[in-house]
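Since the structure comes first, as structure tokens, the remarks are kept for the end.
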Amino acid sequence: MDDHIRPQRVVIVGGGFGGLAAARVFRNRPVDVTIVDSAGHHVFQPLLYQCATGVLSEGQIAVPLRTVLKRRENVDCVLATVTDFDVEQKCVRALRPNGSGLQIPYDYLIMATGVGQSYAGRDEFARYAPGMKTIGDALTIRRKVLSAFEIADSATDPGQRDRWLTFVVVGGGPSGVELAGQIRELATTTLRDDFQHIAPEDAQVLLFEQTEAVLTSFGRKFSARATMSLRKLGVDLRLRAAVTDVDEHGVEVRGQDGTCSRFEAGTVLWAAGIRSSTVADALAKAAGAEQDMAGRIKVTPHCTIPGHPEIFVVGDLMALDQLPSIAEVAKQSGRYAGLCIRDRVEHRKRQRKPFEYNHLGMAAYLARGRAIVSFGPITLSGFLGWLAWLLLHITFLAGIRNRFGTILSWLVTFSRGSRRERITPVSASMAQRSGGTA
Ligand SMILES: Cc1cc2nc3c(=O)[nH]c(=O)nc-3n(C[C@H](O)[C@H](O)[C@H](O)COP(=O)(O)OP(=O)(O)OC[C@H]3O[C@@H](n4cnc5c(N)ncnc54)[C@H](O)[C@@H]3O)c2cc1C
């Protein structure tokens, strides 16, 4: 078909906050949109820790992209992992779940694959200390945390019992703080009366942060409040303490004075640092783009790769003006890329102004009845912050059904302390050892 007649093809790689915001811009427009995602669903990452600690189910915080985009007739969803790019021929190469290859041509490409967990060059830590970026990660964490209490309960050696009742969380950003708080809450409320041989509330949760404070992005005052809340919950907060080694029995930590100490722990969870995935490296190589230290792709003020006005990079993967890796940056940059493409497809003469991020606020959950929410000049903490946090997260969660389901689960958890999602799949290694199939 003649290029001037056929609809322009927009390929969006990644159906997270950035990719979805971009796809939504093309409603009823003369473009063919293909959204390729390796998971096939949109995850509301800010609630992953609640899935990891049994408050919410995976289905409550993730929705199939097909469901979200079902009314967009010009949007095609493809379940595949993008691995490579041919920027001359304008096509992306991907692998389907059965291992077969796929080539998808584009006129415009929007890259929105987000970032993964960084282990500061020590990827071998991942084996013992899962990060929390995907539904799979959250379920792994849930299994590890709940099994640790079970193993402790049947341990005959007091040393082993204490080790299984010790949980280490690495990183004092929002994810680390939320995880540490939730493990303590799980131990002191949900599991309190469930075991015969252990007192779950004795569980020790150690939170290591290498700088001098937690939640530094919220400012000094709220960081201090968060510190107080964590300590009240019983989290053992260790500041200026960098985790330098992890193995299956615990961690090694270097303090500010340079001395190293060993902490035995049955569960280690990693919530520090980000690193882009290999697909970002592939795009950077193919398009001659520069990457920052975390592997994010450096873009022009219009969110495009220099020399490639047809390739946009948005969300966490985009390196621009040191913008933070948060959902609102992803949504706004995704929408911006979509609008730029729409302008061009519709032959608008005026060039859109460079991308400007409009900061709406930040939020962190500390415990039942305690959260910090800041928007504009207003910062709320304690109970008011908690109410604002609940409202905010319900508003942004995708799907009416998920919203109602989440409200119900929260009502049960907040009023009775119980958590519905305590079933975990048996790990592959365990299934093998017992002769079953994993
Ligand atoms: C635990 C956690 C808590 C968070 N809490 C908050 C919070 O409270 N507030 C806040 O504002 N932000 C929070 N964030 C950050 C926020 O979730 C991210 O900034 C946002 O998700 C980034 O959106 P994105 O579209 O760039 O990437 P993502 O949402 O990560 O989406 C990337 C998508 O790309 C897909 N993908 C990846 N590689 C490929 C490939 N090779 N081929 C095809 N598809 C691929 C993935 O399956 C995924 O669907 C949190 C993040 C995490 C991990």
Side-chain angles (χ1 to χ4, degrees), residues 11-23 34-53 61-65 68 77-85 92-97 102 104 110-117 130-138 141 171 173-179 182 215 217-218 269-274 276-283 296-297 303 313-318 323-335 337 359-365 371-375 389 392-393 396 398:
V11 171
I12 301 171
V13 186
F17 287 103
L20 209 50
T34 304
I35 185 158
V36 194
D37 194 286
S38 46
H41 51 246
H42 169 78
V43 183
F44 192 81
Q45 287 181 348
L47 288 178
L48 269 177
Y49 75 95
Q50 293 210 359
C51 177
T53 51
I61 63 160
V63 204
L65 285 167
V68 187
C77 298
V78 176
L79 175 65
T81 301
V82 171
T83 52
D84 207 357
F85 305 82
V92 303
R93 298 196 190 99
L95 287 176
R96 284 182 283 198
L102 197 64
I104 309 169
I110 301 178
M111 219 11 216
T113 48
V115 288
Q117 196 70 66
M132 191 173 56
K133 293 283 179 194
T134 63
I135 291 286
D137 294 340
I141 292 175
S175 301
V177 164
E178 286 167 341
L179 256 183
Q182 281 300 297
L215 296 188
S217 50
F218 283 83
L269 307 173
W270 197 272
I274 52 163
S276 67
S277 62
T278 49
V279 71
D281 301 342
L283 178 63
R296 289 174 298 202
I297 296 179
C303 303
V313 180
V314 301
D316 282 5
L317 186 61
M318 163 184 88
L323 288 172
S325 297
I326 56 174
E328 205 46 45
V329 171
K331 279 187 189 176
Q332 291 180 28
S333 58
R335 180 174 158 74
H359 186 62
L360 299 180
M362 314 246 290
Y365 184 100
I372 301 176
V373 172
S374 82
F375 50 95
W389 184 97
L392 206 71
H393 282 71
F396 287 117

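In each ligand, atom 1 is the first atom listed, and ligand 1 is the first ligand listed.
- A donor-acceptor pair under 3.5 Å is formed between the side chain of Gln117 and the backbone N or O of Gly273.
- Each of Leu102, Asp37, Ile35 was scored for a side-chain contact (heavy atoms from CB on, under 4.5 Å) with Val78, with one residue passing: Leu102.
- Ser333 places a side-chain N or O within 3.5 Å of a backbone atom of Gly315 that can act as its donor or acceptor partner.
- With hydrogens and angles left out, the side-chain atoms of Gln182 and Glu178 include no donor and acceptor closer than 3.5 Å.
- Thr134 and Asp137 are linked by a side-chain donor-acceptor pair at a separation below 3.5 angstrom, with hydrogens and angles left out of the test.
- His42 places no side-chain N or O within 3.5 Å of a backbone atom of Val63 that could act as its donor or acceptor partner.
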What are the polar N/O contacts of ligand 1 with the protein below 3.5 Å, with distances?
{"from": "ligand 1", "atom 1": "11 (O)", "to": "Ala327", "atom 2": "N", "distance (Å)": "3.0"}
{"from": "ligand 1", "atom 1": "12 (N)", "to": "Ala327", "atom 2": "N", "distance (Å)": "3.3"}
{"from": "ligand 1", "atom 1": "17 (O)", "to": "Gln45", "atom 2": "OE1", "distance (Å)": "2.8"}
{"from": "ligand 1", "atom 1": "19 (O)", "to": "Asp316", "atom 2": "OD1", "distance (Å)": "2.7"}
{"from": "ligand 1", "atom 1": "19 (O)", "to": "Asp316", "atom 2": "OD2", "distance (Å)": "3.3"}
{"from": "ligand 1", "atom 1": "19 (O)", "to": "Ser325", "atom 2": "O", "distance (Å)": "3.3"}
{"from": "ligand 1", "atom 1": "19 (O)", "to": "Ile326", "atom 2": "N", "distance (Å)": "3.3"}
{"from": "ligand 1", "atom 1": "19 (O)", "to": "Ile326", "atom 2": "O", "distance (Å)": "3.4"}
{"from": "ligand 1", "atom 1": "19 (O)", "to": "Ala327", "atom 2": "N", "distance (Å)": "3.3"}
{"from": "ligand 1", "atom 1": "21 (O)", "to": "Gln45", "atom 2": "OE1", "distance (Å)": "3.0"}
{"from": "ligand 1", "atom 1": "25 (O)", "to": "Phe17", "atom 2": "N", "distance (Å)": "3.1"}
{"from": "ligand 1", "atom 1": "25 (O)", "to": "Gly18", "atom 2": "N", "distance (Å)": "2.8"}
{"from": "ligand 1", "atom 1": "26 (O)", "to": "Asp316", "atom 2": "N", "distance (Å)": "2.9"}
{"from": "ligand 1", "atom 1": "30 (O)", "to": "Gln45", "atom 2": "NE2", "distance (Å)": "3.1"}
{"from": "ligand 1", "atom 1": "41 (N)", "to": "Val82", "atom 2": "O", "distance (Å)": "3.0"}
{"from": "ligand 1", "atom 1": "42 (N)", "to": "Val82", "atom 2": "N", "distance (Å)": "2.9"}
{"from": "ligand 1", "atom 1": "44 (N)", "to": "Ser38", "atom 2": "N", "distance (Å)": "3.1"}
{"from": "ligand 1", "atom 1": "44 (N)", "to": "Ser38", "atom 2": "OG", "distance (Å)": "3.4"}
{"from": "ligand 1", "atom 1": "47 (O)", "to": "Asp37", "atom 2": "OD1", "distance (Å)": "2.8"}
{"from": "ligand 1", "atom 1": "47 (O)", "to": "Asp37", "atom 2": "OD2", "distance (Å)": "3.4"}
{"from": "ligand 1", "atom 1": "49 (O)", "to": "Asp37", "atom 2": "OD1", "distance (Å)": "3.4"}
{"from": "ligand 1", "atom 1": "49 (O)", "to": "Asp37", "atom 2": "OD2", "distance (Å)": "2.6"}

